[in-house]
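Just the heavy atoms: all of them, side chains too, but no hydrogens, waters or symmetry mates, feed the values below. Note that the structure is a prediction, hence the values are computed from the model and not measured.
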Amino acid sequence: MRELLTAWAVDDDVRDNAVVVTSELVTNALTHAAGDRIVCRLRLLADRIRVEVEDQARGPGLPMLRRPGPDDQNGRGLLLVDTLSSDWAVTRPPGRPGRVVWAELVTTPHGTAPGPRLRPQGYPPSGSA
């Protein structure tokens, strides 16, 4: 995926965020869908990237944004997706059982950008640009 986004000349920050978003969506599908098939699609649109992860939706309930407590071990995946994406949602694929969780990331330099890029804690140091 990183190579494809590089070939599409996607900005480094957007590319890194798209990799994190995709990882979270695929991880959620593997963890919660209880199916034997997951499909991941990546589309470059005029001003954004769209990531779609389709599963068979055999698990309980639909994906929902949660606000985990500081000691919770799980529940941060969609929080990351929400922070790094300009939009995301859950839809049903036409004509078959399952669900598609999709997220979009703006690629235009002056578009509505998501929150700050994820960095390891303490990097860069506060106050540096």
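Evaluation of the salt bridge (charged side-chain N to carboxylate O under 4.0 Å, His left out) rule for R2 yields D16 as partners, not counting sequence neighbours. For D11, the side chain to side chain contact (heavy atoms under 4.5 Å, CB included) partners are D13, V14, not counting sequence neighbours. By the salt bridge (charged side-chain N to carboxylate O under 4.0 Å, His left out) test, R15 is found to be paired with D12, residues two or more places apart in sequence or in another chain being considered. Partners of R48 under the side-chain hydrogen bond (donor to acceptor under 3.5 Å, both in side chains) rule, at least two apart in sequence or in another chain, are E104. Under the side chain to side chain contact (heavy atoms under 4.5 Å, CB included) criterion, T31 pairs with T27, not counting sequence neighbours. Scored by the side chain to side chain contact (heavy atoms under 4.5 Å, CB included) test, L42 finds M1, L4, L5, W8, I49, V51 as partners (sequence neighbours excluded).
There is no path of hydrophobic side-chain contacts, each under 4.5 Å, that joins V26 to V100.
Counting only heavy atoms from C-beta outward, the side chains of D36 and Q56 approach each other to under 4.5 Å.
The closest donor-acceptor contact from the side chain of S23 to the backbone of V19 lies at 3.5 Å or more, if one exists at all. Proximity of a side-chain donor or acceptor of T107 to a complementary backbone N or O of D47 within less than 3.5 Å is detected.
Ion pairing between a basic and an acidic side chain is recognised when a charged N comes within 4.0 Å of a carboxylate O; E52 and R99 show no such pairing.
The side chain to side chain contact (heavy atoms under 4.5 Å, CB included) test with L30 singles out one residue from I38, V53, D55, and that residue is I38. Considering D87, V90, V21, V81 as possible partners of W102, the one that fulfils the side chain to side chain contact (heavy atoms under 4.5 Å, CB included) test is D87. Residue R50 forms a side chain to side chain contact (heavy atoms under 4.5 Å, CB included) with just one option from L105, L44, L45, and that option is L45.
Considering all non-hydrogen atoms of both residues, P93 and G98 come closest at CD-O, 3.3 Å.
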Practice item. Kindly determine whether N28 and V101 satisfy side-chain contact (heavy atoms from CB on, under 4.5 Å), including the steps that lead there. Key: CA-CA 10 Å; N28 283 350; V101 184; over 6 Å; no
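Atom-to-atom distance recorded for S85:OG and L80:CG is 9.5 Å, nearest 0.5 angstrom.
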